[in-house]
> 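Take a look at this one; I'll ask things after.
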Amino acid sequence: QVQLVESGGGLVQPGGSLRLSCAVSGSIGSFYAMTWYRQVPGKQRELVAGIDNSGSTNYPDSVKGRFTISRDNAKNTVYLQMNSLKPEDTAVYYCNLHVFSESYDRDYWGQGTQVTVSS
């Protein structure tokens with residue numbers, strides 16, 4: 001079965017950087033999208049970065065120019081490089097894998113990793 005494990009969260013000062021990792025185990029198909037989300041208690045889950053099997057990426061305006069999503073296929077790992085961090089970036093960050101084909105459409109979630117931006 002497919003499992004996602006996030007790591008790399010922690011405490012960082014405003015303006016600092018952090019890199020999150022999402023390691024994927026199990027077999028997936030040829031078509032997929034991997035997305036980082038974040039969530040703060042009392043607020044809705046927010047998409048922060050996405051990448052698909054073709055390498056296409058997307059970001060919301062709130063993180064454009066600061067966050068970068070990338071993948072290492074050899075390690076079955078997706079990364080989220082976060083630069084110029086702001087206190088409002090504080091959240092639990094979750095990795096999502098969406099696998100799709102003509103016959104299936106499934107989502108998998110990691111356990112989340114806490115990112116705290118504070119001086």
Side-chain angles (χ1 to χ4, degrees):
Q1 65 179 27
V2 176
Q3 284 191 306
L4 280 63
V5 179
E6 297 114 326
S7 62
L11 175 65
V12 64
Q13 295 183 349
S17 298
L18 207 59
R19 188 176 76 162
L20 306 183
S21 298
C22 176
V24 179
S25 63
S27 180
I28 63 174
S30 299
F31 300 98
Y32 64 89
M34 296 200 72
T35 307
W36 286 96
Y37 290 85
R38 65 187 180 189
Q39 188 166 34
V40 177
K43 296 183 179 180
Q44 294 189 59
R45 186 178 61 204
E46 177 188 18
L47 184 150
V48 295
I51 188 168
D52 66 17
N53 55 272
S54 73
S56 296
T57 59
N58 66 282
Y59 307 90
D61 290 340
S62 60
V63 308
K64 283 183 179 178
R66 300 190 300 118
F67 289 12
T68 303
I69 188 170
S70 62
R71 65 184 182 186
D72 186 335
N73 290 336
K75 296 182 178 180
N76 293 325
T77 300
V78 174
Y79 303 96
L80 182 66
Q81 179 66 45
M82 304 184 293
N83 299 325
S84 301
L85 284 162
K86 306 174 181 179
E88 50 263 46
D89 294 320
T90 296
V92 177
Y93 284 71
Y94 296 91
C95 182
N96 169 268
L97 169 65
H98 181 68
V99 181
F100 56 96
S101 71
E102 292 183 353
S103 59
Y104 63 83
D105 188 336
R106 295 192 291 272
D107 281 288
Y108 303 90
W109 292 90
Q111 81 287 350
T113 185
Q114 176 71 47
V115 172
T116 302
V117 184
S118 177
S119 60

> Start with the C-alpha gap between Gln111 and Glu6, add the side-chain angles, then the distance that decides, and say whether side chain to side chain contact (heavy atoms under 4.5 Å, CB included) holds.
CA-CA 7 Å; Gln111 81 287 350; Glu6 297 114 326; 3.0 Å; yes

> By the ring-ring contact (aromatic ring centres under 6.0 Å, His included) test, which pairs, at least two apart or in different chains, include something from residues 68-98?
His98-Phe100

> Side-chain contact, heavy-atom cut-off 4.5 Å: Pro60 with Leu47?
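Answer yes - side chains close enough.
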
> In terms of side-chain heavy atoms, does Asp72 have a donor or acceptor partner in Thr77 at a distance below 3.5 Å?
no

> Give me each pair satisfying disulfide (SG to SG under 2.5 Å) with a member in residues 7-76, each pair once, sequence neighbours excluded.
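Of all non-adjacent pairs touching residues 7-76, those that pass disulfide (SG to SG under 2.5 Å) are Cys22-Cys95.
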
> What verdict does the side chain to side chain contact (heavy atoms under 4.5 Å, CB included) test give for Val99 and Tyr108, after you've listed the backbone C-alpha separation in whole Å, the side-chain angles of each residue and the deciding distance to 0.1 Å?
CA-CA 8 Å; Val99 181; Tyr108 303 90; 4.1 Å; yes

> Would you mind listing every salt bridge (charged side-chain N to carboxylate O under 4.0 Å, His left out) that reaches into residues 86-98, with sequence neighbours excluded?
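Listed by first then second residue: Arg38-Asp89, Arg66-Asp89.
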
> Are the side chains of Leu18 and Leu85 in contact, using a 4.5 Å heavy-atom criterion?
yes

> Please list, one pair per line, the donor and acceptor atoms closer than 3.5 Å that link side chains of residues 112-119 to other protein atoms, with sequence neighbours excluded.
| residue | atom | partner | partner atom | Å |
| --- | --- | --- | --- | --- |
| Thr113 | OG1 | Gly9 | N | 3.1 |
| Gln114 | NE2 | Ala91 | O | 3.4 |
| Gln114 | NE2 | Thr116 | OG1 | 3.3 |

> Hey, are the side chains of Gln1 and Ser27 touching, using non-hydrogen atoms and a 4.5 Å cut-off?
no

> So how far is it from Ile28 CD1 to Asn76 CG, rounded to the nearest 0.5 Å?
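If I round to the nearest 0.5 Å, the distance is 7.5 Å.
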
> Just grab all the ring-ring contact (aromatic ring centres under 6.0 Å, His included) pairs involving residues 26-76, residues at least two apart or on different chains.
Tyr37-Trp109

> Find the distance between CD1 (Ile51) and OG (Ser70) and round it off to the nearest 0.5 Å.
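If I round to the nearest 0.5 Å, the distance is 7.0 Å.
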
> Determine whether Val2 and Leu97 make a side-chain contact, defined as any pair of heavy atoms from C-beta on separated by less than 4.5 Å.
yes

> Can Leu4 and Met34 be said to form a side chain to side chain contact (heavy atoms under 4.5 Å, CB included), step by step?
CA-CA 11 Å; Leu4 280 63; Met34 296 200 72; 4.3 Å; yes

> Please collect all salt bridge (charged side-chain N to carboxylate O under 4.0 Å, His left out) contacts where either partner lies in residues 93-117, sequence neighbours excluded, each pair once.
none

> Should Ser17 and Asn83 be marked as a side chain to side chain donor-acceptor pair (under 3.5 Å) after you check the CA-CA gap, both sets of side-chain angles, and the distance that decides it?
CA-CA 4 Å; Ser17 298; Asn83 299 325; 2.8 Å; yes

